[in-house]
Amino acid sequence: MLETQEQRREAIYLALAQVPKGKVITYGNLAKLAGMPNGARLAGRLMCGLPAGSRLPWHRVINSQGKLSLPENSDSYREQIRRLEKEGVVINNGKIKLSIYAY
DNA sequence: CGCGGGGCGAGCT
DNA sequence: TAGCTCGCCCCGC
């Protein structure tokens, strides 16, 4: 299980698809749920490689510091902020409250 | 095959 | 809180 990179990718996607709306999850935790204790960086890699039309909630994935791990000047960054706020996620000084972490 | 670099994380100063 | 180091895994050179 989880031998090919396609299987790992699917595992991450499945785990991501289970993150409820209005909540967020860290890269490390996401990878862990997918069965990869040390796959945080892989998770990050996959996020930036997601197809544009994907229905996956990639915007609910943040780093362990409770912040968005994207360049503040990028379009993706603003897009993520926009989507999160639209779901009711409160962000203080760029940080997200621990109370809305999933799992 | 070594080396540097990532949408990472944990631990120490 | 801010930096730095080190460990992890995957990629491109």
Side-chain angles (χ1 to χ4, degrees):
Chain A
M1 187 162 270
L2 298 182
E3 316 217 339
T4 71
Q5 64 185 92
E6 186 183 338
Q7 293 177 319
R8 299 185 179 186
R9 192 195 52 188
E10 287 305 313
I12 294 287
Y13 288 174
L14 288 177
L16 176 56
Q18 295 177 52
V19 178
K21 177 181 173 187
K23 295 274 187 177
V24 296
I25 189 173
T26 63
Y27 291 98
N29 204 183
L30 178 65
K32 195 173 183 180
L33 290 177
M36 295 174 269
N38 303 321
R41 308 198 72 154
L42 171 61
R45 252 190 63 68
L46 289 178
M47 290 308 102
C48 61
L50 277 178
S54 178
R55 291 150 348 281
L56 292 170
W58 58 271
H59 55 281
R60 296 181 195 149
V61 187
I62 62 178
N63 61 32
S64 66
Q65 302 165 63
K67 301 190 301 188
L68 306 191
S69 189
L70 287 165
E72 299 186 4
N73 51 36
S74 73
D75 288 347
S76 302
Y77 176 83
R78 286 184 286 278
E79 176 65 6
Q80 183 167 22
I81 292 287
R82 195 185 71 73
R83 292 201 189 190
L84 287 175
E85 296 187 323
K86 194 171 183 181
E87 294 185 354
V89 174
V90 182
I91 303 175
N92 291 325
N93 291 65
K95 289 184 242 170
I96 296 176
K97 297 173 60 177
L98 291 165
S99 60
I100 59 180
Y101 274 41
Y103 311 101

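- Taking every nucleotide of DNA chain B with any atom under 4.0 Å from a non-hydrogen atom of chain A, the first and last of them, 5' to 3', are B/dG6 to B/dA10.
- Interatomic distance, CG of A/Leu50 versus CG of A/Leu56, reported as 6.0 Å (0.5 Å rounding).
- If you run side chain to side chain contact (heavy atoms under 4.5 Å, CB included) between A/His59 and each of A/Glu87, A/Arg82, A/Met47, only A/Glu87 comes through.
- Rounding to the nearest 0.5 Å gives a distance of 4.5 Å between CD of A/Glu72 and OH of A/Tyr77.
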Query raised in the report: Starting at the 5' end of DNA chain B, what dot-bracket string do you get if Watson-Crick and G-U pairs under 3.5 Å are bracketed, crossing pairs use [ ], other-strand pairs use | and unpaired bases use dots?
Result: .|||||.||||||
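- Although no hydrogens or angles enter the test, the distance criterion places a donor-acceptor pair under 3.5 Å between the side chain of A/Asn63 and the main chain of A/Gln65.
- Contact check on A/Glu79 versus A/Arg83 returns a salt bridge, with a Lys/Arg side-chain nitrogen under 4.0 Å from an Asp/Glu carboxylate oxygen.
- In this structure, A/Leu42 atom CG and C/dC9 atom P are separated by 11 Å, rounded to whole Å.
- Nucleic acid contact for A/Gln5: sugar-phosphate only, since backbone atoms but no base atoms lie under 4.0 Å from a heavy atom of the residue.
- Using a distance-only test at 3.5 Å, with no hydrogens or angles considered, a donor-acceptor pair links the side chain of A/Gln80 to the main chain of A/Val61.
- For the pair A/Lys95 and A/Arg45, both in contact range of DNA chain C, the more 5′-proximal nearest nucleotide belongs to A/Lys95.
- Using a 4.0 Å heavy-atom cutoff across all strands shown, A/Ser76 reaches no nucleic acid atom at all.
- Across the protein-nucleic acid pair, A/Leu2 atom CG and C/dC9 atom C1' stand 14 Å apart, rounded to whole Å.
- Side chain of A/Tyr101 to backbone of A/Gly66: a donor-acceptor contact under 3.5 angstrom is found.
- Between the C1' atoms of B/dC1 and C/dG12, the separation comes to 14 Å (whole Å).
- Atom NZ of A/Lys86 is separated from atom NZ of A/Lys21 by 9.0 Å, given to the nearest 0.5 angstrom.
- Taking every heavy atom of residues 9-16 of chain A and every atom of DNA chain C, no pair lies under 4.0 Å.
- Of all heavy-atom pairs spanning A/Ala43 and A/Tyr27, the tightest one is CB-O, 3.9 Å.
- By the criterion of side-chain heavy atoms lying less than 4.5 angstrom apart, applied directly or through intervening Ile, Leu, Val, Met, Phe, Trp or Tyr residues, A/Val19 is not grouped with A/Leu70; the two fall into different hydrophobic clusters.
- Surrounding NZ of A/Lys23 are more than 12 heavy atoms belonging to other residues, nucleotides or ligands, all under 6.0 Å away.
- Along DNA chain C, the nucleotide nearest A/Arg41 and the nucleotide nearest A/Lys67 are compared for position; the residue whose nucleotide lies closer to the 5' end is A/Lys67.
- Across all strands, A/Gly39 comes closer than 4.0 Å to no nucleic acid atom at all (heavy-atom distances).
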